[in-house]
**Student:** 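My structure is below; once you've seen it, I'll send some questions.
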Amino acid sequence: MLFPESNVQTKSKSILKPIVAAREAIAIEVYFVDRRIGDPLIGDTLWESLQSVSSIDQKTRTKLDEDGFRVGLSASRPPRPLQTLMSMSNGQDPTRRAVVQPYMIPSGQEAWLVSRSIDNGTEIVRRPLNGEPQTLTISQGQALFKVQASSEEDGWAKLVIIPEIQHGQSSLKPTATASQWTLRDRKQAITLFEDRLSAELNVGEFLVIGMTKDGEGKLASHFFQSDQANGLQRLMMIRVVDIRTIEPELAD
């Protein structure tokens with residue numbers, strides 16, 4: 001006998017419903033702001049009013065700049081340029097547009113933020129840290145940011161932002177989840193792991209992501225040149241609204 005009977009344990013099925021623990025979730029607001037390229041409100045006037053993100057190491061900071069990404073941090077009472085960008089919105093005028101989208105992300109999970117669609121035939125030039133530049137012509141493309149959120153001690157939220165370009169036809173692809181691998185309907189993806197950034201924010205604070213002045217033609221332009229024909233540039237602002245506990249819903 002391979003396994004002695006004394007070591008075999010049988011489990012009886014409980015008639016009680018399993019206890020599901022309460023979970024924390026991070027409530028955020030995401031602002032997408034469009035202005036004309038060269039508008040001082042999204043230029044130096046804005047960036048000089050923001051703080052640098054101290055958690056970004058020098059290697060990542062260099063890569064972000066090389067790819068045309070610019071990042072800043074605002075306190076819960078935003079500076080005047082940021083307040084102006086949030087309040088000045090005209091639905092009839094695309095050069096003064098601000099759209100806000102709310103998200104509720106359970107701690108340890110993620111959300112996808114779609115920045116813009118990319119025109120068919122666009123050439124994406126990627127320059128890895130170690131390797132030759134790679135050029136890819138894409139179709140049905142979208143520029144997105146994957147936002148991973150987790151609650152930290154003393155009411156802080158940690159956000160990890162990873163830029164990604166998805167393109168081509170959708171197909172079922174193996175995707176890792178927190179507990180297992182599963183098949184999900186996904187497009188081909190160019191994930192910019194080298195441009196991954198993280199920041200810890202308190203409630204009310206903003207993480208601001210945009211494009212450098214010389215970003216045209218760089219990777220960031222595919223995320224932030226919202227309407228190249230009309231000379232529009234996009235800015236993304238993520239505000240931590242609340243960190244709250246979600247109680248489980250018990251079925252009858």
**Student:** Apply side-chain hydrogen bond (donor to acceptor under 3.5 Å, both in side chains) to Asp119 and Thr122, showing your working.
**Tutor:** CA-CA 6 Å; Asp119 294 338; Thr122 298; 5.2 Å; no

**Student:** What closest approach, in Å, do Ser198 and Ser55 show between heavy atoms, and which atom pair accounts for it?
**Tutor:** O-OG, 2.6 Å

**Student:** With rounding to the nearest 0.5 Å, note down the distance linking CG in Leu235 to CG in Asp34.
**Tutor:** 9.5 Å

**Student:** Could you tell me which non-hydrogen atom of Met104 sits nearest to which non-hydrogen atom of Ala27, and how far apart they are?
**Tutor:** CE-CB, 3.8 Å

**Student:** Indicate the atoms forming the closest heavy-atom contact of Gly72 with Val53, along with that distance.
**Tutor:** C-CG2, 4.1 Å

**Student:** Is Leu64 close to Thr212 at the side-chain level, that is, under 4.5 Å between some pair of heavy atoms?
**Tutor:** no

**Student:** Indicate whether any N or O donor in one side chain lies under 3.5 Å from an N or O acceptor in the other, for Asp65 and Thr62.
**Tutor:** no

**Student:** Between Ser151 and Glu24, do the side chains contain an N or O donor and an N or O acceptor separated by less than 3.5 Å?
**Tutor:** yes

**Student:** Is it the case that one hydrophobic cluster holds both Phe206 and Val240, taking links as side-chain heavy atoms less than 4.5 Å apart, direct or via other members?
**Tutor:** no

**Student:** Compare all side-chain heavy atoms of Leu192 with those of Phe223 and state whether any distance is below 4.5 angstrom.
**Tutor:** yes

**Student:** Please give me the minimum heavy-atom distance between Ser115 and Phe32, naming the atom from each residue.
**Tutor:** CA-CE2, 3.9 Å

**Student:** Which heavy atom in Ala149 sits nearest to a heavy atom in Ile105, and how many Å separate them?
**Tutor:** CB-CG2, 3.9 Å

**Student:** State plainly whether the residues Glu200 and Lys158 are in salt-bridge range, i.e. N to O under 4.0 Å.
**Tutor:** no

**Student:** Quick one, Ile42 with Phe224, criterion side-chain contact (heavy atoms from CB on, under 4.5 Å). Give me CA distance, side-chain angles, the key distance, then yes/no.
**Tutor:** CA-CA 12 Å; Ile42 58 171; Phe224 295 117; over 6 Å; no

**Student:** Passes salt bridge (charged side-chain N to carboxylate O under 4.0 Å, His left out), Glu194 versus Lys63? Steps please.
**Tutor:** CA-CA 7 Å; Glu194 300 96 336; Lys63 183 60 178 170; 5.6 Å; no

**Student:** For Thr191, run the side chain to side chain donor-acceptor pair (under 3.5 Å) check against Lys146, Gln166, Glu164, Arg196 and tell me which one passes.
**Tutor:** Glu164

**Student:** Check whether any side-chain N or O of Arg70 sits under 3.5 Å from a backbone N or O of Lys213 as a donor-acceptor pair, and report yes or no.
**Tutor:** no

**Student:** Can you get from Tyr31 to Trp47 by hopping between Ile, Leu, Val, Met, Phe, Trp and Tyr side chains that sit under 4.5 Å apart?
**Tutor:** yes

**Student:** Kindly compute the distance separating OG1 (Thr137) from CD1 (Ile124), expressed to the nearest 0.5 Å.
**Tutor:** 9.0 Å

**Student:** Decide yes or no for Gln140 and His167: does some side-chain heavy atom of the first lie under 4.5 Å from some side-chain heavy atom of the second?
**Tutor:** no

**Student:** Would you confirm whether Ser49, through its side chain, and Pro79, through its main-chain N or O, come within 3.5 Å as a donor-acceptor pair?
**Tutor:** no

**Student:** Ignoring hydrogens and angles, tell me if any N or O in the side chain of Arg35 forms a donor-acceptor pair with the backbone of Leu41 under 3.5 Å.
**Tutor:** no

**Student:** In sequence, state the C-alpha distance, the side-chain angles, and the governing distance for His222 and Gln142, and then conclude on side-chain contact (heavy atoms from CB on, under 4.5 Å).
**Tutor:** CA-CA 9 Å; His222 303 298; Gln142 281 188 317; over 6 Å; no

**Student:** Rounded at 0.5 Å granularity, tell me how far CZ in Arg234 sits from CD1 in Ile37.
**Tutor:** 12.0 Å

**Student:** Is there a side-chain contact (heavy atoms from CB on, under 4.5 Å) between Val30 and Val147? Walk through the geometry before answering.
**Tutor:** CA-CA 11 Å; Val30 180; Val147 180; over 6 Å; no

**Student:** Determine, stepwise, if the pair Met211 / Ser221 fulfils side-chain contact (heavy atoms from CB on, under 4.5 Å).
**Tutor:** CA-CA 7 Å; Met211 192 172 76; Ser221 66; 3.8 Å; yes

**Student:** Hey, are the side chains of Val71 and Val208 touching, using non-hydrogen atoms and a 4.5 Å cut-off?
**Tutor:** no

**Student:** To the nearest 0.5 Å, what is the distance between CD on Gln148 and CD1 on Ile161?
**Tutor:** 8.5 Å

**Student:** Is it true that Arg244 and Asp242 have a side-chain N and a carboxylate O under 4.0 angstrom from each other?
**Tutor:** yes

**Student:** Keeping the roles fixed (side chain from Glu205, backbone from Asn202), state whether a donor-acceptor pair exists under 3.5 Å.
**Tutor:** yes

**Student:** In the single-linkage hydrophobic clustering (I, L, V, M, F, W, Y; side-chain heavy atoms under 4.5 Å), do Met237 and Ile209 co-cluster?
**Tutor:** no

**Student:** Measure the spacing between CG of Leu219 and CD1 of Ile165 and express it to the nearest 0.5 Å.
**Tutor:** 6.0 Å

**Student:** Can you find a pair of side-chain heavy atoms, one from Arg61 and one from Asp57, that are under 4.5 Å apart?
**Tutor:** no

**Student:** Applying the 4.5 Å side-chain criterion to the ILVMFWY set and letting contacts propagate, would Ile28 and Leu73 be lumped into a single cluster?
**Tutor:** yes

**Student:** Can a salt bridge be assigned to the pair Lys218 and Asp67 using a cut-off of 4.0 Å between side-chain N and carboxylate O?
**Tutor:** no

**Student:** Answer yes if Val203 and Leu82 sit in the same cluster of Ile, Leu, Val, Met, Phe, Trp and Tyr residues linked by side chain heavy atoms under 4.5 Å apart, and no otherwise.
**Tutor:** no

**Student:** Return the CD1 to CD1 distance between Ile238 and Ile26, rounded to the nearest 0.5 Å.
**Tutor:** 12.5 Å

**Student:** Is any side-chain heavy atom of Leu113 closer than 4.5 Å to one of Met236?
**Tutor:** yes

**Student:** Do you see a donor-acceptor pair shorter than 3.5 Å between the side chains of Glu152 and Ser150?
**Tutor:** yes

**Student:** Where is the tightest heavy-atom contact between Pro81 and Thr45, given as atom of each residue plus distance?
**Tutor:** CG-O, 3.8 Å

